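This is a predicted model, so every value here is computed, not measured. When a residue number appears, it is its place in the shown sequence, counting from 1. Only heavy atoms go into these numbers, but all of them, side chains included; no hydrogens, no water, no symmetry mates.
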Amino acid sequence: MPKQNSAIDQLPNLGPTSARWLNAIGVHTRRDLEKLGAVDAYALLKAHGYKASLNLVYAIEGALTGRDWNRLPAKRKAQLKAAAADAVKPRCAWPARDPLMLRYHDEEWGVPVHDDRKHFEFLILEGAQAGLSWRTVLYKRAAYRIAFAGFDPRRVARFDARKVRALMNNAGIIRNRLKIESAISNARAFLAVQKEFGSFDRYVWRFVGGRPIVNRWTTLRELPARTRESDALSADLKKRGFRFVGSTIVYAHMQATGMVNDHVQRCYRRRALARR
């Protein structure tokens with residue numbers, strides 16, 4: 001088997017054209033190729049406009065596993081084919097190639113939410129995100145679910161000073177006292193909204209007229225950080241005692257819960273959600 005630092009053009013299965021393409025996108029050695037894997041290398045080539053075919057996915061897989069690509073097991077080829085097709089679906093740019101971000105984009109972002117506990121979950125997570133990246137929070141989501149009682153607002157509303165101290169020692173979450181304390185006070189404000197309107201969902205969807213706002217952005221740069229709807233909702237939440245609910249955070253909540261559909265026009269998820 002070729003050495004770990006072998007140049008791309010020394011690997012079996014890869015012809016001079018494939019090696020030239022891979023070199024052009026910064027993949028120069030076997031180690032570089034292993035870091036990407038066959039599917040991500042293929043997706044990156046396609047994103048750069050190279051006319052890579054599915055056979056290149058098989059060729060890379062063969063090169064990395066020491067097999068002739070024609071002799072790859074049929075089951076493995078089927079897996080690679082499905083993964084490659086998924087990898088090159090037209091999507092919003094922000095998930096990049098991060099697996100967890102891609103799953104969130106494909107399965108959750110922009111899907112209309114009508115479950116109060118899910119609304120409360122996003123309020124906690126988006127408040128925690130303030131000043132940080134969504135990726136940072138997303139990778140801590142499982143720890144937040146445990147730390148905040150499965151995002152049950154009734155249980156979180158009963159958290160006391162002793163619980164706050166325990167959360168401040170929890171390395172799995174963002175240990176910011178103001179954010180932790182606001183999650184607890186927000187739980188109490190959340191329950192008050194439920195009591196007044198019957199559900200938080202009924203309350204919050206009033207700010208978009210009860211149905212998603214479907215935008216027509218073509219690039220990520222066009223997405224606003226806030227809108228008049230998020231300004232209005234933010235102001236009303238603050239009046240009701242919520243914290244960490246500035247208009248930008250609230251707009252992120254509206255995007256996450258499908259109150260607005262901000263998938264760019266070429267993204268396959270925009271079309272899928274519009275058909276709902």
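Cluster annotation: Leu273 and Val264 are assigned to distinct hydrophobic clusters (Ile/Leu/Val/Met/Phe/Trp/Tyr, side-chain heavy-atom contacts under 4.5 Å, transitive). Leu45 and Val57 are not part of a single hydrophobic cluster, where members link through side-chain heavy atoms under 4.5 Å apart. Taking hydrophobic clusters as Ile, Leu, Val, Met, Phe, Trp and Tyr residues chained together by side-chain heavy-atom distances below 4.5 Å, Ile124 shares a cluster with Leu132. Clustering ILVMFWY residues whenever any of their side-chain heavy atoms sit less than 4.5 angstrom apart, transitively, puts Val245 in the very cluster that holds Phe197. In the hydrophobic cluster analysis, where Ile, Leu, Val, Met, Phe, Trp and Tyr join through side-chain heavy atoms closer than 4.5 angstrom, Tyr144 is grouped together with Val164.
Pairing each heavy atom of Met101 with each of Leu138, the nearest pair is SD-CD2, 3.8 Å. A pairwise comparison of heavy atoms in Trp205 and Gly258 identifies CH2-O, 3.4 Å as the closest pair. Of all heavy-atom pairs spanning Pro90 and Arg271, the tightest one is CG-NH2, 4.1 Å. Pairing each heavy atom of Arg91 with each of Asp86, the nearest pair is NH1-O, 2.6 Å. Taking all atoms of both residues into account, the shortest heavy-atom contact from Ser247 to Thr227 is OG-O, 4.1 Å. The shortest non-hydrogen separation linking Ser182 to Phe244 is OG-CD1, 3.3 Å.
Ion pair Arg206/Glu196 not flagged as a salt bridge, since none of the NZ, NE, NH1 or NH2 atoms sits closer than 4.0 Å to an Asp/Glu carboxylate oxygen. We find that Lys239 and Asp236 are joined by a salt bridge, their nearest charged nitrogen and carboxylate oxygen being less than 4.0 Å apart. The existence of a salt bridge linking Asp106 and Arg269 is excluded, since no basic side-chain nitrogen approaches an acidic carboxylate oxygen closer than 4.0 Å. In this structure, Glu121 pairs ionically with Arg145, as a charged nitrogen and a carboxylate oxygen lie closer than 4.0 Å.
The distance between the ring centers of Trp109 and Trp134 does not fall below 6.0 angstrom. For Phe151 and Phe148, the distance between ring centers is not under 6.0 angstrom.
With contacts defined as side-chain heavy-atom distances shorter than 4.5 Å, the pair Leu14/Ile60 qualifies. Side chains of Gln255 and Glu126 form no contact here, defined as non-hydrogen atoms less than 4.5 Å apart.
The distance from atom CG of Leu233 to atom OH of Tyr251, rounded to the nearest 0.5 Å, is 12.5 Å.
Between the Asp116 side chain and the Phe200 main chain, a donor and an acceptor come within less than 3.5 Å of each other.
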